[in-house]
Amino acid sequence: MPLMKPVNFLETMERMYIDSRILYDKGEYYNCCYLCGYILECALKYILQEHAVKQDGTSYTVNDLKDFRHNTSKLNQQLNDWLSMTAGISSMYRLDCNNECPYIFVGREGYPHWDPAYRYGDHTKWYEREYCKKYMQESEFIFRFVAGIVVGGN
C-alpha cells in the first residue's frame, strides 16, 4: 500500500482557493462555490489544530477535526469555545463567520449555507455568477485572514 501524505489543512485550503479562482475565471460557478465552502472548513480546522486547545486543555488532533466532517457550524462553535475560555487569546484568531462570510456560513437571499451535500447540483444560486462572486469575495477574505495568522502567528 502506498504511503499517504499527512493531512495539512493549510495546504488543502490553499489548493481549494487556487482551484476556486481558476473555476471562477472559467465561468464554472457551481464547482467554484463548492470549493469555497472547503476554504472556510479548512481555515477553521487549521486555526483549531495549530492554535486552539479543547476544553480539557489538550490540542486538537487531525482525527478530532476530521470527526467534524464538513460541519462548519460545529467547527466555528469549537473556535468560539476556545476563544471564550481565556481572555488573553489574540484577536488575530477571531474569525467572525456570521459577519465575514455570511453567504458561505449562514446563507443569504433565502438560500441555504454551504454544504457539500449540494455537490449534485441542487443549489440553484451556485450556478449564478453574481452569487458565486459573493462566495469568492468571502473566500478571499478567509484566505487573507488565515495568511495574517500564518505571517503574524505564534
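When reading the values below, keep in mind they use all heavy atoms of this one structure, side chains included, and skip hydrogens, waters and symmetry mates. Bear in mind that the values here come from a model prediction, so they are computed numbers and not experimental data.
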Going by atom types only, do [X] and [Y] share a side-chain donor-acceptor pair under 3.5 Å?
X	Y	result
Thr58	Asp56	yes
Trp114	Tyr103	no
Tyr127	Tyr131	no
Gln78	Tyr60	yes

What distance separates [X] [atom1] from [Y] [atom2], expressed to the nearest 0.5 Å?
X	Y	atom1	atom2	value
Trp82	Met85	CH2	CE	8.5 Å
Ile104	Asp115	CD1	CG	13.0 Å
Ile47	Cys42	CD1	SG	11.5 Å
Leu10	Gln49	CG	CD	10.0 Å
Met136	Tyr29	CE	OH	11.0 Å
Lys134	Cys101	NZ	SG	14.0 Å

Practice prompt. Please test Asn31 against Trp126 for side-chain contact (heavy atoms from CB on, under 4.5 Å), starting from the C-alpha separation and ending with a verdict.
Written response: CA-CA 8 Å; Asn31 286 339; Trp126 285 7; over 6 Å; no

Exercise: identify the closest heavy-atom pair between [X] and [Y]:
X	Y	answer
Arg69	Lys45	O-NZ, 2.9 Å
Ala43	Val146	CB-CG2, 3.6 Å
Arg108	Pro102	NH2-CB, 3.2 Å
Gly148	Met92	O-CE, 4.4 Å
Tyr46	His51	OH-NE2, 3.8 Å
Ile39	Ser20	CD1-OG, 3.7 Å

Discussion item. As a quick check of understanding, evaluate side-chain contact (heavy atoms from CB on, under 4.5 Å) for Tyr30 and Leu23, giving each step before the final call.
Written reply: CA-CA 9 Å; Tyr30 200 93; Leu23 289 169; over 6 Å; no

Item to complete: Evaluate side-chain contact (heavy atoms from CB on, under 4.5 Å) for Phe143 paired with Met13, printing each intermediate quantity in order.
Response: CA-CA 8 Å; Phe143 190 82; Met13 183 193 75; 3.7 Å; yes

Do side-chain atoms of [X] reach the backbone of [Y] as a donor and acceptor pair under 3.5 angstrom?
X	Y	answer
Asn71	Lys74	yes
Asp64	Thr61	yes
Tyr93	Ala52	no
Arg21	Ile18	no
Tyr24	Cys32	no
His113	Ser73	no

Does [X] belong to the same Ile/Leu/Val/Met/Phe/Trp/Tyr cluster as [Y], with side-chain heavy atoms less than 4.5 Å apart forming each link?
X	Y	answer
Leu48	Val7	yes
Tyr120	Leu35	no
Leu75	Leu83	yes
Met16	Val62	yes

Worksheet item: Which residue pairs pass the salt bridge (charged side-chain N to carboxylate O under 4.0 Å, His left out) test when at least one of the two sits in residues 1-17, sequence neighbours left out?
Response: Lys5-Glu11

Discussion item. When you compare the side chain of Glu138 with that of Glu100, does any pair of heavy atoms fall below 4.5 Å?
Written reply: no

Fill in: Evaluation steps, side-chain contact (heavy atoms from CB on, under 4.5 Å), between Leu40 and Cys97
CA-CA 9 Å; Leu40 175 59; Cys97 294; 3.8 Å; yes

Worksheet item: What's the verdict on ring-ring contact (aromatic ring centres under 6.0 Å, His included) for His123 and Tyr34, showing C-alpha distance, side-chain angles and the deciding distance?
Response: CA-CA 10 Å; His123 195 302; Tyr34 181 67; over 10 Å; no

